[in-house]
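Just dropping this structure here.
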Amino acid sequence: MTRSWTNPLRDPRDKRLPRIAGPSSLVIFGVTGDLSRKKLMPAIYDLAHRGLLPPGFSLIGFARREWENQDFGEVVHDAVAEHARTPFRESVWNRLAEGIRFVQGTFDDDDAFDRLAQTVHDLDAERGTGGNTAFYLSIPPWAFPIVTKQLSRSGLADCDEDTWRRVVIEKPFGHDLASAQELNSVVNHVFPEESVFRIDHYLGKETVQNIMALRFANQLFEPLWNAHYVDHVQITMAEDIGLGGRAAYYDGIGAARDVIQNHLLQLLALTAMEEPVSFEPGALRAEKVKVLGATKPVGPFDETTAAGQYSGGWQGGKKVPGLAQEAGFRKESTTETYAAVTLEVQNRRWAGVPFYLRTGKRLGRRVTEIAVVFKRAPHLPFDSTSTEELGENALVIRVQPDEGVTMRFGSKVPGTTMEVRDVTMDFGYGHSFTESSPEAYERLILDVLLGEPSLFPVNEEVELSWKILDPILEHWAERGSPELYAPGSWGPPSADHVLERTGRNWRRP
């Protein structure tokens with residue numbers, strides 16, 4: 001049993017201060033990549049700036065580059081100066097820089113992992129990290145088995161009751177159910193499940209966590225949050241950019257695997273789950289697993305799903321290439337850049353309520369939102385002309401950008417006639433709170449160091465997500481090429497038909 005570290009200066013009854021990580025170090029594999037430079041290193045600095053890392057915290061980079069410690073330190077410095085959320089302070093940087101180390105090597109190099117083990121041991125002696133180490137695998141999934149095997153061989157995965165070792169895995173978690181199960185087996189062979197942290201950065205976003213606050217801290221919404229009042233739910237993640245330099249990586253993965261399997265199904269689980277008995281990790285995960293276990297794709301898939309590829313054209317005043325013209329992408333590829341699916345949560349609360357999930361590249365604008373659309377009022381005592389402008393009540397949770405919540409409802413237009421139109425009430429994080437929200441990776445890295453797994457999906461969640469999506473992916477594979485759609489539009493015509501067949505329409509975010 002790992003002994004938890006306690007701050008002797010902290011009164012456990014004081015809820016005002018955030019929890020501070022105990023003695024620890026972080027090893028980043030794939031430290032030369034964009035994710036590390038733009039997200040991980042700045043997040044580590046921001047945590048240090050906010051006083052949430054221990055004084056002896058150490059950062060170790062592992063890569064093929066022939067760098068010395070000071071070379072890696074300069075890379076971290078430049079990444080932090082360019083991308084950090086909080087202001088750059090020399091005193092914070094100097095304290096952080098003392099614990100920065102670099103180990104050169106490849107994943108199949110035994111000597112390199114032995115040097116890494118020695119570096120971790122030396123930092124424990126020099127800086128008092130307590131031997132507690134997290135390994136961040138910012139690497140392609142094919143490299144997981146060899147790296148976890150090396151961590152085991154070199155003793156880096158070993159811990160005792162006074163220390164901990166944890167591994168952080170970036171998505172994608174496999175490309176279907178069978179590969180996800182195989183990947184989980186490989187990782188769990190070295191690290192027990194409670195030491196595995198699968199990063200889904202969406203779950204670290206403040207607005208995503210606000211879904212739980214909105215639902216369970218307010219009596220206002222819970223009585224309406226069910227099939228009696230909700231007509232349908234739309235969950236959208238749209239991007240206004242193409243693939244660019246990621247085309248070769250993206251080929252064979254596609255929008256559904258890249259976004260729906262993890263981000264959007266996690267948002268669905270948080271939107272549809274029952275109230276947990278507490279926000280302890282076990283209780284929260286149990287409710288998410290129940291929802292995902294009850295979620296099924298709705299057929300026939302030709303009518304209830306849509307897949308598309310963006311074509312070339314004009315967007316935002318610029319001529320942009322189509323997917324087939326992107327460098328590194330196979331011209332005959334059937335990989336989709338737009339995906340829309342219809343799901344049902346088959347339990348008492350949500351019986352008969354469709355959940356529409358969609359994601360795509362080169363769409364109208366960059367936005368992620370959850371829209372809970374309510375049923376129309378059963379009786380409107382107005383003549384038909386008075387309510388022409390009236391839509392359905394909706395509660396829209398904006399995850400990004402302009403994080404907040406909008407409520408849409410009908411109101412009387414000023415004047416002598418009883419005319420009703422839609423109006424909105426809006427809450428924005430930027431207007432209501434003086435402090436800015438931390439980056440998702442700040443929260444998630446801190447949770448890894450604290451051993452707080454609430455926001456990280458477990459094996460069962462990952463595998464259930466693939467069970468939901470696999471039948472749709474198999475159907476698309478048999479169907480051939482996805483439908484083309486114009487850049488700047490909201491997807492292919494077949495996506496509109498998915499909702500029109502039931503008399504509904506996609507929201508325009």
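Just so it is clear, the values below take in all heavy atoms, side chains as well, and ignore hydrogens, waters and symmetry mates. None of these values were measured; they are calculated from a predicted model.
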Can a cation-pi geometry be assigned to R508 and W506, taking NZ or CZ under 6.0 Å from the six-membered ring centre and within 45° of the ring axis?
->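 No, cation not above the ring by the 6.0 Å, 45° rule.
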Can you find a side-chain donor-acceptor pair between D110 and Q150 that sits under 3.5 Å?
->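 A donor-acceptor contact under 3.5 Å links the two side chains.
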Between CG on residue L151 and CG on residue D158, distance to nearest 0.5 Å =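 Between atom CG of L151 and atom CG of D158 there are 10.0 Å.
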Kindly say whether S333 contributes a backbone atom to a donor-acceptor pair with the side chain of Q309 at under 3.5 angstrom?
->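 Answer holds: yes.
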Dump the intermediate steps for side-chain contact (heavy atoms from CB on, under 4.5 Å) on I370 and V233, then the final yes or no.
-> CA-CA 7 Å; I370 301 162; V233 178; 4.3 Å; yes
Is there a donor-acceptor pair closer than 3.5 Å between any side-chain N or O of T368 and the backbone N or O of M237?
->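 Side chain of T368 to backbone of M237: no pair is present.
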Could you give the distance from CD1 (I146) to CZ (R153), rounded to the nearest 0.5 Å?
->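 Reported value, rounded in 0.5 Å steps: 10.5 Å.
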Nearest 0.5 Å please: distance from the CG atom of L243 over to the OG1 atom of T337.
->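 Atom-to-atom, L243:CG and T337:OG1 are 7.0 Å apart.
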At their closest point, which heavy atom of L323 faces which heavy atom of T335, and how far apart are they?
->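 Closest pair (atom of L323, atom of T335, distance): CD2-O, 3.9 Å.
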Ring centre gap for Y485 and W490 strictly below 6.0 Å =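 When the ring centroids of Y485 and W490 are compared, they turn out to be at least 6.0 Å apart.
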Measure the CE-CG distance between M212 and L270 for me, rounded to the nearest 0.5 Å.
->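 Going from CE on M212 over to CG on L270, the span is 5.5 Å.
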Hey, mind stepping through F113 and F107 against ring-ring contact (aromatic ring centres under 6.0 Å, His included) and telling me if it holds?
-> CA-CA 8 Å; F113 277 83; F107 298 152; 7.3 Å; no
Flag for T106-D109: side-chain donor and acceptor within less than 3.5 Å |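 Side chains of D109 and T106: no pair found under 3.5 Å.
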With the threshold set at 4.0 Å, does a side-chain nitrogen-carboxylate oxygen contact exist between R376 and D231?
->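 Between D231 and R376 there is no salt bridge, as every charged N stays at least 4.0 Å from the carboxylate O atoms.
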Over all atoms of both residues, closest heavy-atom pair of A272 and V345 |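 Shortest heavy-atom contact: CB-CG2, 4.3 Å.
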Is a side-chain donor or acceptor of Q315 paired with a backbone partner of L363 at a separation under 3.5 angstrom?
->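 Yes, because the side chain of Q315 sits within donor-acceptor range (under 3.5 Å) of the backbone of L363.
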Polar side-chain atom of D496 near backbone of L499 as donor-acceptor pair, under 3.5 Å =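 Judged by distance alone, no pair lies under 3.5 Å.
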Sub-4.5 Å side-chain heavy-atom contact between T334 and P482 =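 Of all side-chain heavy-atom pairs linking P482 with T334, at least one is under 4.5 Å.
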I would like to know whether I28 and F135 meet side-chain contact (heavy atoms from CB on, under 4.5 Å); could you show each step before the answer?
-> CA-CA 6 Å; I28 301 179; F135 303 98; over 6 Å; no
Exercise: do R165 and S195 side chains pair donor with acceptor under 3.5 Å =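 Side-chain D/A pair, R165 to S195: absent.
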Euclidean distance, I44 CD1 relative to K39 NZ, rounded to 0.5 Å =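 Nearest 0.5 Å value for the NZ-CD1 distance: 14.0 Å.
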Are E460 and R198 ion-paired here, with the side-chain N under 4.0 Å from a carboxylate O?
->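 Judged by the 4.0 Å cut-off on N to carboxylate O distance, E460 and R198 do not form a salt bridge.
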Where do V462 and Q261 come nearest, in terms of heavy atoms and distance?
->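 Heavy atoms only, the tightest pair is O-NE2, 3.6 Å.
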L395 versus L214: any side-chain heavy-atom pair under 4.5 Å?
->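 Answer yes - side chains close enough.
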Cation-pi check, R215 onto F221 ring (under 6.0 Å, within 45° of axis) |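 No, a cation-pi geometry is absent between R215 and F221.
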Between T163 and N132, is there a donor-acceptor pair closer than 3.5 Å when you use the side chain of the first and the backbone of the second?
->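 Between the backbone of N132 and the side chain of T163 there is no qualifying donor-acceptor contact (under 3.5 Å).
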Would a distance-only check, ignoring hydrogens and angles, find a side-chain to backbone donor-acceptor pair under 3.5 Å from Q325 to G322?
->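 Checking the backbone N and O of G322 against the side chain of Q325, a donor-acceptor pair under 3.5 Å is found.
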Can the ring centroids of Y356 and H232 be said to lie less than 6.0 angstrom from one another?
->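 Distance test on ring centres: under 6.0 Å, yes.
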For the atom pair CG (N459) and CG (N188), what is the distance rounded to the nearest 0.5 Å?
->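 Answer for the CG-CG pair, N459 versus N188, is 4.5 Å.
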If only atom types and distance count, is the side chain of N226 paired as donor or acceptor with the main-chain N or O of H228 below 3.5 Å?
->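 A pair under 3.5 Å: yes.
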For side-chain contact (heavy atoms from CB on, under 4.5 Å), just list the numbers for H189 and K149, CA-CA rounded to whole Å, side-chain angles, deciding distance to a tenth of an Å, and then say yes or no.
-> CA-CA 9 Å; H189 184 69; K149 202 174 291 182; over 6 Å; no
In terms of side-chain heavy atoms, does Q400 have a donor or acceptor partner in R366 at a distance below 3.5 Å?
->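 Yes, R366 and Q400 have a side-chain donor paired with an acceptor closer than 3.5 Å.
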D258 versus H263, side-chain donor and acceptor atoms under 3.5 Å |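 No donor-acceptor contact under 3.5 Å links the two side chains.
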Any V186 side-chain heavy atom under 4.5 Å of F144 side chain |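 Side chain of V186 against side chain of F144, heavy atoms only: no contact under 4.5 Å found.
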Is there side-chain contact between R443 and D447, with at least one heavy-atom pair below 4.5 Å?
->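 In short, these two side chains touch, coming nearer than 4.5 Å.
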Could you tell me whether R507 and E369 make a salt bridge, using a distance below 4.0 angstrom between a side-chain N and a carboxylate O?
->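 Judged by the 4.0 Å cut-off on N to carboxylate O distance, R507 and E369 do form a salt bridge.
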What do you reckon, is NZ of K375 surrounded by more than 12 foreign heavy atoms closer than 6.0 Å?
->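 Above 12, so yes.
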Shortest non-hydrogen contact from V367 to P509?
->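 Looking at all heavy atoms of both residues, the shortest contact is CG1-CB, 3.6 Å.
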Heavy atoms, side chains only, cut-off 4.5 Å: are V230 and V373 in contact?
->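 No, too far: nothing below the 4.5 Å cut-off.
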Applying the side-chain hydrogen bond (donor to acceptor under 3.5 Å, both in side chains) test to Y310, which of R362, K361, E336, E326 qualifies?
->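 Going through the options one by one, the only one that passes is E326.
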So with a 6.0 Å cut-off around CD of E182, is the heavy-atom count from everything else above 12?
->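 Count not over threshold, so no.
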Closest heavy-atom contact between F216 and M273?
->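 For F216 and M273, the tightest heavy-atom pair comes out as CE1-CE, 3.8 Å.
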Do W225 and T271 have side-chain N/O donor and acceptor atoms under 3.5 Å apart?
->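 Their side chains do not contain a donor-acceptor pair, so the 3.5 Å distance test is not met.
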Taking the six-membered ring where the residue is Trp, are the ring centres of F374 and Y229 under 6.0 Å apart?
->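 No, the ring centres sit 6.0 Å or more apart.
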Hey, is the main chain of N505 close enough, under 3.5 Å, to the side chain of Q234 for a donor-acceptor pair?
->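 Yes; at least one donor-acceptor contact below 3.5 Å.
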After noting the C-alpha distance and the side-chain angles of Y338 and E483, does the key distance pass the side chain to side chain donor-acceptor pair (under 3.5 Å) rule?
-> CA-CA 9 Å; Y338 177 96; E483 189 178 2; over 6 Å; no
For the residue pair M407 and F427, establish whether any side-chain heavy-atom pair is separated by less than 4.5 Å.
->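 They are not in contact (no side-chain heavy atoms under 4.5 Å apart), so the answer is no.
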Are any side-chain N or O atoms of S179 and backbone N or O atoms of H175, one a donor and one an acceptor, separated by less than 3.5 Å?
->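 Yes, because the side chain of S179 sits within donor-acceptor range (under 3.5 Å) of the backbone of H175.
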Polar side-chain atom of R65 near backbone of T32 as donor-acceptor pair, under 3.5 Å =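 Checked: no pair found.
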Grab the two heavy atoms, one from I139 and one from G30, that are nearest each other, plus how far apart they are.
->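 It is CG2-N, 3.9 Å.
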Are E303 and R501 close enough for a salt bridge, meaning some N to O gap below 4.0 Å?
->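 Yes, E303 and R501 are salt-bridged.
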Presence of salt bridge, E274 and R349, under 4.0 angstrom |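 Result for this pair is yes, salt bridge flagged.
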Carboxylate-amine/guanidinium contact R365 E239, below 4.0 Å =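 A salt bridge is absent here (no side-chain N lies under 4.0 Å from a carboxylate O).
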Measure the shortest side-chain to side-chain distance between T359 and T236 over non-hydrogen atoms and say whether it is less than 4.5 angstrom.
->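 A side-chain contact under 4.5 Å is absent here.
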Apply the test side chain to side chain donor-acceptor pair (under 3.5 Å) to residues N184 and E463: give CA-CA distance (whole Å), side-chain angles for both, the deciding distance (0.1 Å), then the verdict.
-> CA-CA 9 Å; N184 286 338; E463 292 174 11; 3.1 Å; yes
ring-ring contact (aromatic ring centres under 6.0 Å, His included) between F173 and W466: does it pass, once the steps are laid out?
-> CA-CA 10 Å; F173 313 120; W466 281 119; 9.0 Å; no
Evaluate the side-chain proximity of L116 to V27: yes if any heavy-atom separation is below 4.5 Å, no if none is.
->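 Yes, close enough: below the 4.5 Å cut-off.
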